[in-house]
Every structure is written in C-alpha cells, then in structure tokens.
Amino acid sequence: MTDGSQKDKITGKAKEAMGKMTGDRRKEAEGKADQAKGKTKDAMGGAKERAEGVKDSLTDDDKS
C-alpha cells in the first residue's frame, strides 16, 4: 500500500529483532508498536475501500 503500512511493519520487525538481540526492551517495544501501526493502517485502508465500494454500489443503483 502507498500509505506506509508495509514500511511500518518492516521497520518494526527490524527494531524488534534488534531489541531482542541487544536486550533492549524499549527498542523491542518500539518495534512491536510500529508493526501494530502498520496493521492499523492496513485495516483502515481496507475499511475505506469497502466504504467506497458501498457508496459506489448505492450510487450506481440510483442511476438505473
């Protein structure tokens, strides 16, 4: 997606792994938070697409 969700998830994975390797719990937590942010962006994008689909289907019905 172009909203940065993949970037957030990849960055989060890297931070989490680095935190685990170095024993830095804060960095590990930041990584998990970044991953959650990416998943949230994915979910919001999917909801937006579904809402647009519903809007389009309602609009198309009115034109018939």
Side-chain angles (χ1 to χ4, degrees):
M1 303 197 114
T2 59
D3 61 6
S5 63
Q6 284 300 97
K7 179 183 171 252
D8 288 334
K9 289 192 271 185
I10 292 168
T11 301
K13 278 281 190 191
K15 281 184 183 179
E16 181 181 5
M18 187 61 84
K20 284 182 180 181
M21 286 192 307
T22 61
D24 185 346
R25 288 185 172 185
R26 184 175 185 178
K27 185 65 71 178
E28 189 177 342
E30 285 177 15
K32 288 179 181 183
D34 285 347
Q35 290 176 67
K37 184 168 85 172
K39 290 177 184 178
T40 300
K41 284 182 181 180
D42 278 345
M44 293 303 295
K48 181 179 177 183
E49 288 174 10
R50 285 190 299 277
E52 288 172 357
V54 169
K55 178 186 160 206
D56 290 345
S57 68
L58 292 173
T59 306
D60 288 344
D61 287 344
D62 290 342
K63 290 179 183 178
S64 298

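Small disclaimer: the values here were computed from a predicted structure and weren't measured.
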How far apart are the closest heavy atoms of G38 and S5, and which atoms are they?
-> O-CB, 3.3 Å

Going by atom types alone, do Q6 and K9 pair a side-chain donor with an acceptor below 3.5 Å?
-> yes

Distance from Q35 atom CD to K32 atom NZ, nearest 0.5 Å?
-> 8.5 Å

Residues that K15 engages under salt bridge (Lys or Arg N to Asp or Glu O under 4.0 Å), provided they are two or more places apart = E30, D34

Where do R50 and V54 land on the side-chain contact (heavy atoms from CB on, under 4.5 Å) test, with the steps shown first?
-> CA-CA 6 Å; R50 285 190 299 277; V54 169; 5.6 Å; no

With sequence neighbours left out, the residues meeting salt bridge (Lys or Arg N to Asp or Glu O under 4.0 Å) with K20 are E16

Taking only residues two or more places apart in sequence, or in another chain, which ones meet K37 in a side chain to side chain contact (heavy atoms under 4.5 Å, CB included)?
-> D8, K41

